[in-house]
Every structure is written in C-alpha cells, then in structure tokens.
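For the numbers below, each heavy atom of this structure counts, side chains included, while hydrogens, waters and symmetry mates do not. Quantities reported herein were computed from a predicted structural model and do not represent experimental measurements.
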Amino acid sequence: MSQIIMHAGNIRKSFNIGTENELEVLHGIDIQVHKGEFVSIVGTSGSGKSTFMNILGLLDRPTSGSYELNGIDVSKARDDELSHIRNREIGFVFQTYNLIPRTDALRNVELPMLYARIPEKERRERAEMLLELVGMKERMNHTPDELSGGQKQRVAIARALVNHPSLILADEPTGALDSNTGRIVMDLFHKLHEENGITIVLITHSQELAEETERVVTLKDGVILGERKGQRYAG
Amino acid sequence: MVNGKDRDMLVENIKLCITGLMANKIRTFLTMLGIIIGIAAMIAIMTVSDAMNKSVMDSMGSMGADKIDVFLSQKTYDDSISREIKNKDRFNDDMLGEVQEHFGDRIAGVALSKDIGSSTIEQGKVHANVSLKGLNQTALASENLTMLSGRSISSQDENAVSKVAIVSDKYVDKIFDGDVREALGKEIELPIENKYYTYTIIGVYQYVDSGITAGFSFDDIETNVYIPFSVAQLQVENGDYYEEFSVKAGKGEDPEALCTELQDYINTTYYQDNDTYESYAYSMKESLKQMNSMLSTQRNAFLAIGAIALLVGGIGVMNIMIVSITERTREIGTRKALGATNNDIRLQFIIEAMVICFLGGIIGIITGLLFGMIATRMMGYSGTASIGGILGCVVFSMAFGLFFGYYPANKAARMNPIEALRYE
C-alpha cells in the first residue's frame with residue numbers, strides 16, 4: 001500500500017461545551033487516506049459529515065483526537081499555522097463554487113498562490129497551465145458571472161490544485177449542477193485521479209456518486225458505519 | 001521593512017481593490033464624497049485664508065509697521081466722570097512741538113489729518129463718492145500714493161495754504177471719462193453738510209484696492225480727495241485741536257518701546273491733572289501682531305469645521321466598509337479556506353479603506369484648489385494652499401483610511417471561516 005497522506009484518529013467533536021446543551025456530534029472517528037486514493041465519505045444530513053469535513057479541511061478543530069496531514073501533526077497548530085497548512089496541503093472544492101466575484105478566472109486560480117507568496121510570473125504560468133488542464137484556458141479572462149455553473153466548478157477545481165495540495169476536499173461538488181454538467185465535473189475528478197494521481201476526498205450524500213470512488217466510507221450519527229469498495233472499482 | 005513577497009501582496013491587494021471599486025462606481029463615489037468634501041473644504045479654507053492674510057497684511061503693512069497712533073481716551077470707563085471732550089483735553093500744536101523736541105531724532109515725523117466728510121459729486125448721469133481729507137506732509141507720505149499725473153501736494157502748498165487737491169484715477173474715470181489732462185487744473189466742488197468746498201485739481205493718484213472693499217460693486221467705491229492739512233485746519237471747527245495723531249518712528253527705533261514711552265511722556269506731562277482724559281498710544285506693529293493672531297484663530301476655526309466634515313466623511317467610509325464586509329462574508333470565508341491568514345484579510349480591507357480615502361483626498365484637493373482659486377479671484381487677491389498643507393491633507397486622508405478602516409478590517413479578519421462560508 002502506498003504512503004498514508006492523511007490520518008485522523010479517534011476524532012470527537014462536541015458543541016456548546018460546558019453548557020446544558022452540550023452535544024457530541026462525532027463520536028471517535030478513525031480514517032486513513034493513502035496517497036493517490038479517491039475516497040468518498042457518504043452520509044445523510046445530520047450524520048456529522050459537514051462537521052467532519054470542516055475538521056478534515058482544518059476549518060475547525062476536533063474536541064479531541066489526533067490528526068496528521070502529510071506527516072504534519074495539525075491538532076496543535078495555531079490559527080495562522082492552520083491557514084498556511086490549508087493553503088499548501090488542502091484544495092477545497094465547494095458545492096457553491098465560491099469563486100471571488102468580479103475577479104476573472106485567472107486571478108481566482110492565482111489566489112491560493114498569492115497567499116503562498118509565490119512570485120507573479122510563476123503564479124501566472126501555473127494558473128494558465130491548470131486552467132488548460134480543466135479545459136478553461138480560453139475563458140480565463142471571464143469573471144464568474146460570465147461563466148456557467150459547470151465552468152465555474154472547473155475553475156474552482158483548477159484553483160484547488162494550484163499549490164500541489166496533499167488532497168482535494170470536494171464538498172458536494174455536483175450538488176448545484178444538472179446531471180450532464182455534474183457528469184463532466186465527476187469525469188474531471190476521475191481524470192485527475194487516474195492520470196495525475198491526485199488524492200481526492202469526496203463528501204456527498206449521494207450513494208450513486210460514492211459508488212464511483214475507490215473506497216466508500218459511510219458515516220451515520222457521528223460514527224463510521226463501514227467501509228467498502230465503490231462499484232466502479234469492485235469489478 | 002517590506003520584503004519583495006509582501007510588496008507583491010500589497011500590489012496585488014491594491015489592484016484587486018481598484019478592480020472592486022471600479023465595479024461599483026456609484027457606491028465608491030458616494031463613499032468618497034465625505035472625504036472629498038472634507039478635504040476640499042480644508043484646502044479651500046487654506047487658500048482663502050492665505051489670500052485674506054496677504055490682503056490684510058498688505059494693507060496694514062502699507063500703513064507702516066513703524067507707525068504709532070496716539071489718541072485721546074477716557075481714563076476709566078466709569079460713566080459718572082464721563083463728559084464731552086473739550087479743547088483743553090485735545091492735543092494741540094504746542095504739545096506736538098514739545099513732544100517732537102523731547103524725542104528728537106527718535107521721531108521721524110508727526111502725521112496729522114483731518115477728515116472733513118464724505119460727499120457725492122454728480123456730473124450729469126454719473127456720480128462719484130468721495131471723502132475729503134486734509135493731510136500734512138508726513139501723513140501724505142505714509143499713504144504711499146503713486147502719482148499718475150500732475151503733482152502731489154507739496155510743503156509749499158502746505159505753507160501757502162493753497163486750495164489744491166489730488167484725486168484718484170477712479171474719480172477721473174467717472175467724472176472726466178478717464179481723461180487726465182481734462183481733469184488737471186479743473187475745479188472740484190464738494191458739497192458737505194450744506195457747505196461747499198472748492199479746490200483746484202493738481203494731481204491724480206492711483207487708487208489701490210485695500211481688499212477691505214472686496215464685494216462692493218465698482219460704482220460704489222469711495223475714494224479720497226486729499227487737500228493740504230493747513231487748508232483743512234481752516235475749514236473745520238477747532239482746526240488747531242486734535243483728538244488723534246500719528247508718529248512715525250525714527251530709523252532703528254523699536255516702535256513698540258517708543259509707543260510706551262510716548263504714551264507715558266504725554267500722560268505725565270499733560271494729562272496728570274486731567275480729570276477724565278489721557279492719551280493712548282498704539283503701534284501698528286502691535287496691531288499687526290494682533291491681526292495675525294486673529295486671522296490665524298479665524299483660520300483654525302474654519303479648519304476645525306473642515307475637520308468635522310472630514311470626520312463625518314471618515315465615519316461614512318467606516319460605515320460603507322462594514323456594509324461591504326458583511327456583503328462579502330462568503331468571499332472572506334473562501335479566502336480563509338484558501339489559506340489567507342487573519343493578517344492577509346486585515347491588510348486587504350485596510351488597503352481598501354486607504355485607497356478610498358486616498359482617491360477621495362486627491363479629488364478633494366483638486367476640488368478645493370479650484371474653489372479656492374475662484375474665491376480668491378473674487379476677493380481680488382491671489383492665495384495658495386501651501387504644498388505642506390496639500391501633502392498634509394493627503395497623509396491625513398490616508399491616516400483616516402487607516403483609522404476608520406481598521407475596525408471593519410479587523411472584524412473581517414476575525415470572522416470564523418465556517419460561518420463565513422455558510423453565510424447566505
């Protein structure tokens with residue numbers, strides 16, 4: 001088996017700690033992701049999947065548990081360190097694309113490199129290269145409101161990839177798209193996974209999408225119910 | 001020091017911010033408006049007050065900083081001992097002679113004048129407002145008149161008690177249609193309080209706008225008709241008695257010191273026994289100082305008003321920044337997810353506030369200079385806002401951006417990324 005890129009151990013998360021309403025949402029989750037894997041985390045709403053994704057994405061901290069990303073122990077990092085780690089190790093793809101408005105595709109893709117303090121020339125070259133990879137190079141000077149949903153999501157994927165992250169964290173990436181464009185986006189993920197060896201963690205409520213991934217991790221009521229191979233890879 | 005990478009970030013932020021501001025021109029302009037008005041007011045005030053300063057200082061300076069005015073004054077403001085001024089209270093020629101003898105070279109001359117009164121001279125459809133004044137040679141000299149034609153009043157005229165007069169070019173323009181040759185040698189007859197005063201015009205002097213007449217229409221300007229003092233003395237009651245006179249300080253003499261001495265000498269020599277009156281001397285230098293401080297007080301008061309406008313503008317900027325940050329909550333959440341640190345976010349919004357204030361400041365400076373120019377042109381005096389003042393305004397407006405941008409920027413920097421991302 002290849003190198004473990006992400007390892008979360010016994011993750012617990014409680015809200016309203018110390019009050020009468022204290023509520024534990026995640027009850028000790030263990031998960032490992034290997035380099036180059038395409039994993040999906042499936043769960044209905046209320047399963048704790050959003051909370052878990054926030055922790056995996058370093059946007060939130062677990063109440064207890066260990067979390068290692070690309071060999072870095074991130075459980076004790078300060079806020080600014082978390083920003084830097086997010087910047088370098090995680091590429092986010094959101095359901096609502098979250099491109100910066102009034103800013104063209106090229107600059108959107110450059111943004112994570114700006115925060116990584118990468119020089120302008122290199123930023124430009126790399127952004128153009130990635131926009132080409134997702135098939136958006138000819139529209140790189142368009143602002144988000146001039147792009148369709150599928151196009152926006154492709155720009156967002158290019159943006160997620162620019163800093164060579166350890167993994168792509170995709171939260172319902174096809175949730176706002178019609179089935180045809182959703183298909184295009186999923187195919188892009190498969191291409192990135194198969195041809196470029198990108199590690200992808202897909203968070204979704206859709207069993208159908210999850211079946212397309214190598215490994216399906218099912219989350220329910222804050223615990224992992226089980227793991228299995230996706231149908232696409234089962235045969 | 002700012003290193004290359006941070007400078008890159010700064011430049012990117014400024015570019016980003018300008019793109020954002022251009023995308024929302026009307027709101028950007030409205031945000032800037034407060035700053036524009038505030039800075040424009042400051043610059044216009046500086047320009048106008050500079051012009052006013054010059055105008056007042058010029059007209060007062062031309063009267064001479066070495067001039068000391070002496071006049072009669074009541075010993076106290078107690079009404080019970082107040083009474084009318086009698087001739088025995090007034091200054092007279094004997095006194096003045098003794099004063100000149102006592103101070104010798106320390107006094108360059110004594111200026112005496114008599115105002116006979118104002119009058120309107122009509123000639124067909126036109127009229128000219130004049131004021132008739134008798135001046136002795138010292139007083140005439142301190143008027144600093146520029147003769148355009150003919151000659152000025154001489155000491156011979158003074159001694160011979162000649163009924164001659166010099167008039168202004170403005171007077172000639174009105175009554176003689178600007179023909180100076182026509183005016184010279186002509187008689188001027190002034191009706192004042194049912195009496196007629198007639199003199200021969202021997203010279204024309206150039207009228208100088210004192211700046212105090214600013215705003216009056218050209219037609220209503222009153223100009224002086226000067227006659228020899230000796231003539232004026234004969235034509236008014238109590239011509240040999242004076243309620244005031246001026247002294248020109250001798251060379252190298254400190255007017256302020258002389259002023260005090262002069263007053264002390266006159267009071268101890270002539271007014272010790274006077275029950276009500278004494279002399280009061282005051283030097284132009286002192287009043288220049290007073291005028292200066294008055295003008296600067298006035299300027300500061302105006303500047304304070306400008307500063308309030310600027311403050312309101314600054315609060316406006318802060319307000320819009322807060323609105324803008326709320327609107328862009330998701331964007332902030334996204335930026336944080338992509339790796340922006342709190343400092344990156346803070347910097348972005350502080351720069352935005354500073355750019356708004358800077359641009360507003362520049363527009364304000366241009367507007368202010370324009371208004372200042374129009375206003376000073378109307379006053380007839382040129383004034384300029386100092387380069388220091390302009391730079392001060394630029395720095396001030398950017399400091400404003402920093403000050404009023406910090407709170408909203410900090411608010412943005414401290415947003416929780418999860419909540420920010422979820423914000424609808």
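- Within the 4.5 angstrom heavy-atom criterion, only side-chain atoms of A:N54, from C-beta onward, approach chain B.
- Side chains of B:K336 and B:N342: a donor on one and an acceptor on the other come within 3.5 Å.
- For the set B:P417, B:A340, B:G333, the entry with the most heavy-atom pairs within less than 4.5 Å of chain A is B:A340.
- Looking at A:R123, only its side chain comes within 4.5 Å of chain B, counting heavy atoms on both sides.
- In summary, the side chains of B:S324 and B:R328 do present a donor paired with an acceptor at a separation below 3.5 Å, with no hydrogens or angles considered.
- Within the 4.5 angstrom heavy-atom criterion, only side-chain atoms of A:L111, from C-beta onward, approach chain B.
- At least one cation-pi condition fails for B:K25 and B:F29: the charged atom is not both under 6.0 angstrom from the six-membered ring centre and inside a 45 degree cone around its axis.
- Most heavy-atom pairs under 4.5 Å with chain B, from the set A:I100, A:L82, A:D80, A:L58: that is A:I100.
- The 12-atom threshold is exceeded at CZ of A:F189, counting heavy atoms of other residues, nucleotides or ligands nearer than 6.0 Å.
- Within the 4.5 angstrom heavy-atom criterion, only side-chain atoms of A:R107, from C-beta onward, approach chain B.
- Atom CG of residue A:L202 and atom OG1 of residue A:T174 lie 7.5 Å apart, to the nearest 0.5 angstrom.
- Using a 4.5 Å cut-off between heavy atoms, A:T96 contacts chain B through both its backbone and its side chain.
- For B:N13 and B:Q348, the side-chain atoms include no donor-acceptor pair closer than 3.5 Å.
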